[in-house]
Amino acid sequence: GTGWSGTTFVEEKVPYTLRNHGKTTPITFNVMVDPDLLGERQVYLRGNLDVLGEWNNFGIPMRRLPSNPVVWTVTVDLPFTLDEHYTQGLFEYKYCMQATPDAKPEYEGGYINRYETHLTTIYQ
C-alpha cells in the first residue's frame, strides 16, 4: 500500500450548488505524512472546486511545518461562508504526493474522496 489511511463513504451524492455570494473563508488543511514515504515528492491538496484544481488541472502544494516535519499544511480561501452546510458535502478533496506540480498524483488510500459538510473555526 501507499501508507495512506482514511475513512471511506459509499453513497450516491448530489453535488452542492455553490452560492454566488462572492464571499470566501480561509480554511487551513493539515495532514500527517511519514517522511520515509515521500522520498523526493511533496504533499499536495486536490479537490473538486476550481480553487483546488477540479481534480484534473493542478494541486495546491502544501508546506512542511518546520516545528513538526511530519505535518504538512496549507491555507486556502474556499468559496463558502461559515453558515453554509450540506449533509452530502460542500466539497470533496484528497491529499496526494507528487514529484512536481504536473506529475501524476499518488492519492491517499480509498477510492472515495473526503468531504466536508460544513466549515468550522477552532480557537487556540
Side-chain angles (χ1 to χ4, degrees):
T2 63
W4 293 103
S5 65
T7 304
T8 301
F9 299 94
V10 179
E11 64 179 74
E12 199 62 37
K13 291 193 321 198
V14 176
Y16 178 70
T17 301
L18 288 174
R19 297 179 189 172
N20 290 320
H21 49 55
K23 298 177 183 175
T24 61
T25 301
I27 300 298
T28 299
F29 294 83
N30 296 295
V31 64
M32 294 177 66
V33 180
D34 183 343
D36 293 337
L37 292 174
L38 284 173
E40 299 299 315
R41 297 173 293 182
Q42 183 175 342
V43 179
Y44 287 78
L45 175 69
R46 287 178 168 250
N48 68 331
L49 299 174
D50 182 53
V51 69
L52 299 178
E54 296 180 321
W55 294 123
N56 299 316
N57 299 326
F58 61 87
I60 304 294
M62 299 182 77
R63 66 178 179 82
R64 191 185 310 238
L65 285 182
S67 60
N68 189 343
V70 301
V71 177
W72 291 75
T73 187
V74 68
T75 300
V76 181
D77 289 328
L78 296 183
F80 307 109
T81 59
L82 292 176
D83 66 340
E84 289 180 72
H85 58 87
Y86 185 58
T87 57
Q88 293 189 1
L90 290 173
F91 67 100
E92 296 181 353
Y93 68 98
K94 268 194 171 184
Y95 301 104
C96 66
M97 296 181 284
Q98 293 173 243
T100 63
D102 57 347
K104 182 178 179 179
E106 181 182 333
Y107 287 102
E108 63 181 309
Y111 62 93
I112 303 295
N113 306 315
R114 297 172 183 258
Y115 64 88
E116 296 300 326
T117 59
H118 62 282
L119 304 180
T120 59
T121 56
I122 300 173
Y123 298 94
Q124 297 181 349

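Numbering of residues begins at 1 and proceeds along the displayed sequence.
Evaluation of the salt bridge (charged side-chain N to carboxylate O under 4.0 Å, His left out) test over residues 31-42, restricted to residues two or more places apart or in two chains, returns Arg41-Glu106. For the ring-ring contact (aromatic ring centres under 6.0 Å, His included) condition, no pair includes a residue of residues 42-79, sequence neighbours left out. Residue pairs meeting the salt bridge (charged side-chain N to carboxylate O under 4.0 Å, His left out) criterion with at least one member in residues 51-66: none, sequence neighbours excluded.
For Gly89 against Tyr16, the heavy-atom pair with the smallest separation is O-CB, 3.6 Å. Counting all heavy atoms, side chain and backbone alike, Val33 lies closest to Val43 at CG2-CG2, 3.8 Å. The shortest non-hydrogen separation linking Glu92 to Asn48 is N-OD1, 2.8 Å. When all heavy atoms of Phe80 and Leu90 are compared, the pair lying nearest together is CZ-O, 3.6 Å.
Distance check, rounded to the nearest 0.5 Å: OG1 of Thr25 to CG of Asp83 gives 8.5 Å.
Taking Tyr93 as the reference, Phe29, Phe91, Tyr95 meet the ring-ring contact (aromatic ring centres under 6.0 Å, His included) condition, with sequence neighbours excluded. Remark: Val70 engages Met32, Pro35, Asn68 in a side chain to side chain contact (heavy atoms under 4.5 Å, CB included) (not counting sequence neighbours). Residues that satisfy the side chain to side chain contact (heavy atoms under 4.5 Å, CB included) test with Pro26, not counting sequence neighbours, are Thr75, Asp77.
For the pair Thr73 and Asn30, the minimum side-chain heavy-atom distance is below 4.5 Å.
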Is there a side chain to side chain contact (heavy atoms under 4.5 Å, CB included) between Glu84 and His21 once you walk through the steps?
CA-CA 11 Å; Glu84 289 180 72; His21 49 55; 2.7 Å; yes

Side-chain donor-acceptor contacts of residues 97-105 below 3.5 Å, not counting sequence neighbours, with atom names and distances?
from, atom 1, to, atom 2, distance (Å)
Gln98, OE1, Arg46, NE, 3.2
Gln98, NE2, Thr100, O, 3.2
Gln98, NE2, Pro101, O, 3.0
Gln98, NE2, Ala103, O, 3.0
Thr100, OG1, Asp102, OD1, 2.7
Thr100, OG1, Ala103, N, 3.3

